[in-house]
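Start at 1 and go down the list; that is how both ligands and their atoms are numbered. The structure displayed is predicted, hence computed values, not measured ones. Residue indices begin at 1 and follow the sequence shown. Every heavy atom of this structure was used, including side-chain atoms; hydrogens, water molecules and symmetry mates were not.
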Amino acid sequence: MATTAAVQPHVLVFPLPAQGHVNSMLKLSELLCISDIHVTFLVTGPTHGSLLAHSDVGSRRFGEKFLLEKLPDGIYQDNLHTLDGFMENLNTLETVGRPFLKEYLGGGRRRWPPVTCVITDGALVSLAVDVAEEFKLPTIVCQTISVAAFWCFVCTPDLIQSGELPIKGNEMDLATRVKGMEHFIRLGDLPSFCQVQNLETPIFKALVKEKLQTARARGVIFNAFEELDEPILAQVRTMCPNTYPIGPVHAHLKARLGTNPPSSNSLREEDRSCLSWLENQPEKSVIYVSFGSLAVVTREQLLEICHGLVNSGQRFLWVLRPDLVAGENGGNWAPAELEEGVKARGYIVRWAPQEAVLEHRSVGGFFTHSGWNSTLESIVAGVPMICRPCLGDQNTNSRMVEAVWKIGLDMKGGWDRVTVENMVRDVMEKRKDEFLKRSEEIAKLAGKAVGEGGSSCSNLRRLVDDIRSMAVSPMKTDLLPQMDVC
Ligand code: UDX
């Protein structure tokens, strides 16, 4: 064994340039900085610009140990919600990102102590591990999606073998053989990228490959906690023994910072006026409606939601992003007959400070697209959900909410105005006590996990120790546990 000398641990964090990914990986970065680890956070130019404009990442918030860096121009970032757009993003990240990473890790652009470990987004594993291996650096994967969705991706080769994939015709209600999830996951609950009729679909092949490549890394971080996903984590550990469920990261960070709460990681300007509006509403009387940063709806769907919300008679706070309706950018959308109902009980913003909204005492329900950050933020706040998944892991998350955790309803079947009205009434009135009780139980488990001595707290400590032990000469990293490659 070569002689080893400890050096300053310095992690390069490499997220996919989308709000949900950037948000959770920035919170992870802040947790690492607090633990005395240097972090370089590498994003695309547009994401870099948005972070500087709308968050305080550029300030001294993270202290001296944090550096925000940007990749060269040329990475496609539009239409990430479409299959083609997502694929183009992955392709340009590869062509622009690979040479840049090589130069960066090789020392060409380094302004800091040498990088000792790479933490990559779960969608960029091959690129990160290939380059890191060239420089004998260890890589850890950060999965920003749910454990359940990750495991569905990993099990797709089994589903192909058993003939469940490709999907033939209308089989969405059929049970699948995703190991450990057979009793509740149907084909319609698989991540949307897996619901293919053609196994050669590029995005399907690329994402499944990336998930399987996770096994090349030294370990895998989940924004999840043991108590929420215990049985599925046990399955994941058969492939990746070294897992770090350290979430919910936003709650974990709050627990660490105590009276000095973290501020926003938003890529858009937040409209905080909705917090004043919430101040004037009765306790648990408002349903908060938001579909995250990427999901789009049609104009018809938007109107169905609006009719359903108004007809439910409930108060609502609604995030209507200017780019929410595909192909349109804002504009006048509310038909005259709904204006009165919207004015009487609704409040509309273009982008909200979501964590603060969900934690507000007036909020009693969340009508969500089931993005993983949104799901965790609702879980932590103890707010029951109505789930209308749009893409990616959201299909799986919404199923977990209804069938496993029992903290809300899954609207996967369709979203006409009657369904919206009935589900809003169920969550806000008829089954309110049942959902609230269960949501509060799970919120307590989340709080315990991130508290001193909790499971996520211990897992973070282990992650930090492992990153420190990797910060030695390259040879020493060979002694760290290797995972089995599938
Ligand atoms: C995407 C995928 O859609 C999601 O399924 C995946 O798990 C992560 O990447 P996104 O669609 O943006 O993310 O959803 P989500 O994961 O819920 O993240 C959205 C983030 O934006 C949340 O942290 C939420 O707090 C924040 N947000 C959303 C705001 O700050 N204000 C808003 O008005 C809406």
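- Residue S290 places no N or O, backbone or side chain, under 3.5 Å from any N or O of ligand 1.
- At a heavy-atom distance under 4.0 Å, no atom of R268 approaches ligand 1.
- Contacts between Y288 and ligand 1 below 4.0 angstrom, taking non-hydrogen atoms only, involve the side chain exclusively.
- Contacts between N373 and ligand 1, counted as non-hydrogen atom pairs separated by less than 4.0 Å, involve both the backbone and the side chain.
- The shortest N or O to N or O distance between E355 and ligand 1 is not below 3.5 Å.
- Residue H369 touches ligand 1 through its side chain alone, judged by heavy-atom distances below 4.0 Å.
- Of the N or O atoms in E270, none lie within a sub-3.5 Å distance of an N or O in ligand 1.
- Annotation: S370 places no N or O atom under 3.5 Å from an N or O atom of ligand 1; distance criterion only.
- Between H252 and K27, the closest side-chain pair of non-hydrogen atoms is not below 4.5 Å.
- Put simply, the side chain of V13 does not reach to within 4.5 Å of the side chain of L42, judged on heavy atoms.
- In this structure, F14 has its ring center no closer than 6.0 Å to that of F41.
- The proximity of A352 to ligand 1, defined as any non-hydrogen pair under 4.0 Å, involves the side chain as well as the backbone.
- For the pair F366 and V289, the minimum side-chain heavy-atom distance is 4.5 Å or more.
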